[in-house]
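No hydrogens, no waters, no symmetry mates; every other heavy atom, side chains included, goes into these values.
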Amino acid sequence: MKIGIMVEGQEGLTWERWFAVAGQVEAFGLDSLWRSDHFFSVMGRTERESLEAWVSLTALAQKTTRIGFGPLVSPMTFRHPALLARMAAAVDRLASGRLTLGIGAGWNEAEHAAYGITLPPLKERMDRLEEGISVIRALWQGGPVDLGGPYYPLRGATLTPLPLQQPGPPLLIGGDGELRLLAIVARYADEWNSHAPGPDAYRAKRARLEEHCRKVGRNPDEIRRSRMGGLLIAADSREVMNRARWFKQFLTELADVPEDRVIEALKAKSWLVGTPEEIAQQLGPWSAAGVQRVMLQYYDLDDHEGLGLLAQVARAVA
């Protein structure tokens, strides 16, 4: 199993923190670095800094040399897919072919309303996601491209230069919706990123994805399987408790949770919580369920010691 770091870039990310975390992730030999694509804190903490996703990914391409990276995920509602295709192609070249393009349908109502961005009903969002993927994939072949879809029609559109990776950067699709989303994953994705709340739930989602793959005649093993989830890691049990107190202050969802119940509350949300040895053990059932890579949400961006501890986990589960 590969281990990557996922940064919630709208919860206090600065350039200094971004570059420091990137340097540690690369130096410690972790697999990859990912970040969310949001405009402001999804916890309601509007005072927290929020570094624009694609600007930060462009800088990351130049600041690192080894790790894979990408958005987890960019909502199709935020940018026209032709623009997203151009941005991804440029960053992929800048990074010597290390970009994975993570995309989703969009979900945050408050964020869309604040910036005057239309958030269509769910069915239309799924339609737009699927059509947007077709636009991106077609443009990555250079063009000229003519597409007559209802949302993103193209007329003689071209893209140069092309992405370094061909036929384009791997396409990661995030989500677990069994009817439409996993059907889109089966048709188009190179990687499926799940948020399933436990290994048993994940197995059920994976089985549903495999059903969709059979319907379209695709081998499900062609799709890389990953999961995003929370992480609390510390060197020993005493430090685990100290870290829990930090999380209680940082995560608004824990505001009403008694201090001695924080760890229990996080575990109930399928977080990985504990020492490196305990984290490695907790990853075992996920690996047995078929997860090949985890992107672990890392909230305390000033805690570089924790990244070193996570590197121990990565060596243990490699």
Original post:
Any donor and acceptor pair, going by atom type alone, linking the side chain of K248 with main-chain N or O of E259 inside 3.5 Å?
Top reply: no
Subject >> Check: V294 main-chain N/O paired with R227 side-chain donor or acceptor under 3.5 Å >> reply: no
**OP:** Go through the steps for E239 and N242 under the test side-chain hydrogen bond (donor to acceptor under 3.5 Å, both in side chains), then give the verdict.
**Re:** CA-CA 5 Å; E239 280 303 307; N242 288 335; 3.0 Å; yes
Original post:
Which salt bridge (Lys or Arg N to Asp or Glu O under 4.0 Å) pairs, counting each pair once, include a residue from residues 52-72, with sequence neighbours left out?
Top reply: E52-R79
Original post:
Side chains of R218 and I223: does their closest heavy-atom pair fall under 4.5 Å?
Top reply: yes
Subject >> Exercise: identify the closest heavy-atom pair between A289 and P199 >> reply: CB-O, 4.1 Å
**OP:** For the pair S287 (side chain) and M1 (backbone), establish whether a donor and an acceptor sit closer than 3.5 Å, ignoring hydrogens and angles.
**Re:** no
Original post:
Which pair of non-hydrogen atoms, one from G9 and one from L13, has the smallest distance, and what is that distance?
Top reply: O-CB, 3.3 Å
Original post:
Quick one: salt bridge (Lys or Arg N to Asp or Glu O under 4.0 Å) partners of R98, sequence neighbours excluded?
Top reply: none
Original post:
Under 4.5 Å between any side-chain heavy atoms of T275 and E278, yes or no?
Top reply: yes
Subject >> Minimum-distance pair of heavy atoms, taken over all atoms of P161 and A89 >> reply: O-CB, 4.0 Å
**OP:** Considering only NZ, NE, NH1 and NH2 on the basic side and carboxylate oxygens on the acidic side, decide whether R137 and D190 come within less than 4.0 Å.
**Re:** yes
Original post:
What salt bridge (Lys or Arg N to Asp or Glu O under 4.0 Å) pairs are there with at least one residue in residues 14-33, not counting sequence neighbours?
Top reply: R17-D302, D31-R293
Original post:
Are the side chain of Q10 and the backbone N or O of S50 linked by a donor-acceptor pair below 3.5 Å?
Top reply: no
Original post:
When clusters are formed by joining ILVMFWY residues with side-chain heavy atoms under 4.5 Å apart, either directly or through shared neighbours, do L272 and W246 land in the same one?
Top reply: no
Original post:
Does a side-chain heavy-atom distance below 4.5 Å link L310 with L231?
Top reply: yes
Original post:
Can you check whether L164's main-chain N or O pairs, donor with acceptor, with D92's side chain at less than 3.5 Å?
Top reply: yes
**OP:** With sequence neighbours excluded, give me every salt bridge (Lys or Arg N to Asp or Glu O under 4.0 Å) pair touching residues 146-162.
**Re:** none
Original post:
Using a side-chain heavy atom cutoff under 4.5 Å and only I, L, V, M, F, W and Y, what cluster partners does L172 have?
Top reply: M6, W34, L72, V73, M228, M295
**OP:** If a pair satisfies salt bridge (Lys or Arg N to Asp or Glu O under 4.0 Å) and one of its residues is in residues 267-277, list it, with sequence neighbours excluded.
**Re:** E253-K269
Original post:
Between A244 and I263, what is the shortest heavy-atom contact and its length?
Top reply: CB-CG1, 3.8 Å
Original post:
Would the number of heavy atoms belonging to other residues, nucleotides or ligands and lying under 6.0 Å from CG of N219 be above 12?
Top reply: yes
Subject >> Whether over 12 other heavy atoms sit under 6.0 Å from E109 CD >> reply: no
Original post:
Do I233 and V313 come close enough that some side-chain heavy atom pair is under 4.5 Å?
Top reply: yes
Subject >> Donor-acceptor contact below 3.5 Å, side chain S194 vs main chain A196 >> reply: yes
Original post:
Would you call S32 and I5 a side-chain contact if the rule is heavy atoms closer than 4.5 Å?
Top reply: no
Original post:
Of all residues at least two apart in sequence or in a different chain, which pass the side chain to side chain contact (heavy atoms under 4.5 Å, CB included) check with R45?
Top reply: S41, M43, E47, R48, T252
Original post:
When the ring centroid of W18 is compared with that of F69, is the distance short of 6.0 Å?
Top reply: no
**OP:** Kindly say whether A85 contributes a backbone atom to a donor-acceptor pair with the side chain of W140 at under 3.5 angstrom?
**Re:** yes
Subject >> Inter-residue atom distance F247.CZ - D300.CG, 0.5 Å rounding >> reply: 7.0 Å
Original post:
Mind checking whether W192 and Y202 have parallel, tilted or perpendicular rings, split at 30° and 60°?
Top reply: parallel
Original post:
Would a hydrophobic clustering, with Ile, Leu, Val, Met, Phe, Trp and Tyr connected at side-chain separations under 4.5 Å, put V145 with M87?
Top reply: yes
Subject >> Partners passing salt bridge (Lys or Arg N to Asp or Glu O under 4.0 Å) against E124 (at least two apart in sequence or in another chain) >> reply: R128
Subject >> Distance in Å, F28 CZ paired with I3 CD1, rounded so as to fall on 0.5 Å steps >> reply: 13.5 Å
**OP:** Could you verify whether a donor N or O on one side chain and an acceptor N or O on the other, from T77 and H112, lie under 3.5 Å apart?
**Re:** yes
Original post:
Can you name the closest pair of heavy atoms from L99 and G70 and give their distance?
Top reply: CD1-CA, 3.9 Å
Subject >> Straight-line distance of L171 CG to I136 CD1, nearest 0.5 Å >> reply: 6.5 Å
Original post:
So how far is it from S134 OG to Y152 OH, rounded to the nearest 0.5 Å?
Top reply: 11.5 Å
Subject >> Gap between atom CG of L33 and atom OG1 of T64 - 0.5 Å precision >> reply: 8.0 Å
Original post:
How would you list, by chain and number, every residue that makes a salt bridge (Lys or Arg N to Asp or Glu O under 4.0 Å) with R224, sequence neighbours excluded?
Top reply: none
Subject >> Heavy-atom side-chain contact between I103 and I133 under 4.5 Å >> reply: yes
Original post:
S74 side chain to P71 main-chain N or O, any donor-acceptor pair under 3.5 Å?
Top reply: no
Original post:
Are any of the side-chain heavy atoms of L139 and R86 separated by less than 4.5 Å?
Top reply: no
Original post:
Is any side-chain N of the basic residue among E210 and R206 closer than 4.0 Å to the acidic one's carboxylate O?
Top reply: yes
Original post:
Considering residues at least two apart in sequence or located in another chain, which fulfil the salt bridge (Lys or Arg N to Asp or Glu O under 4.0 Å) criterion with D200?
Top reply: R203
Original post:
With no hydrogens and no angle check, is any side-chain donor or acceptor of R225 less than 3.5 Å from a backbone partner on N193?
Top reply: no
**OP:** State which residue, out of V273, V262, L232, fulfils the side chain to side chain contact (heavy atoms under 4.5 Å, CB included) condition with R243.
**Re:** L232
Subject >> I117: hydrophobic cluster co-members (side-chain, 4.5 Å) >> reply: F39, F40, F78, Y115
Subject >> hydrophobic_cluster_shared for L307 and W15, side chain cutoff 4.5 Å >> reply: yes
Subject >> P81 and L83, any side-chain heavy atoms less than 4.5 Å apart >> reply: no
Subject >> Nearest non-hydrogen partners of T100 and P170, listed with the distance >> reply: CG2-O, 3.4 Å
**OP:** On the 0 to 90° scale, with breaks at 30° and 60°, tag the W271-Y299 ring pair as parallel, tilted or perpendicular.
**Re:** parallel
Original post:
When clusters are formed by joining ILVMFWY residues with side-chain heavy atoms under 4.5 Å apart, either directly or through shared neighbours, do F250 and V240 land in the same one?
Top reply: yes
Original post:
So if you build clusters from Ile, Leu, Val, Met, Phe, Trp, Tyr with side-chain heavy-atom gaps below 4.5 Å, do V55 and V7 land together?
Top reply: yes
Counting only pairs under 3.5 Å, give me each side-chain donor-acceptor contact of residues 177-186, with atom names and distances, residues two or more places apart or in other chains.
unit_1: E178; atom_1: OE2; unit_2: K205; atom_2: NZ; d: 3.2
unit_1: R180; atom_1: NH1; unit_2: D127; atom_2: OD1; d: 2.9
unit_1: R180; atom_1: NH2; unit_2: D127; atom_2: OD1; d: 2.8
unit_1: R180; atom_1: NH2; unit_2: E130; atom_2: OE1; d: 3.0

Original post:
If you measure only the distance, is there a donor-acceptor pair under 3.5 Å linking the side chains of E49 and T14?
Top reply: no
Subject >> Backbone of W54 reached by a side-chain donor or acceptor of T58 within 3.5 Å >> reply: yes
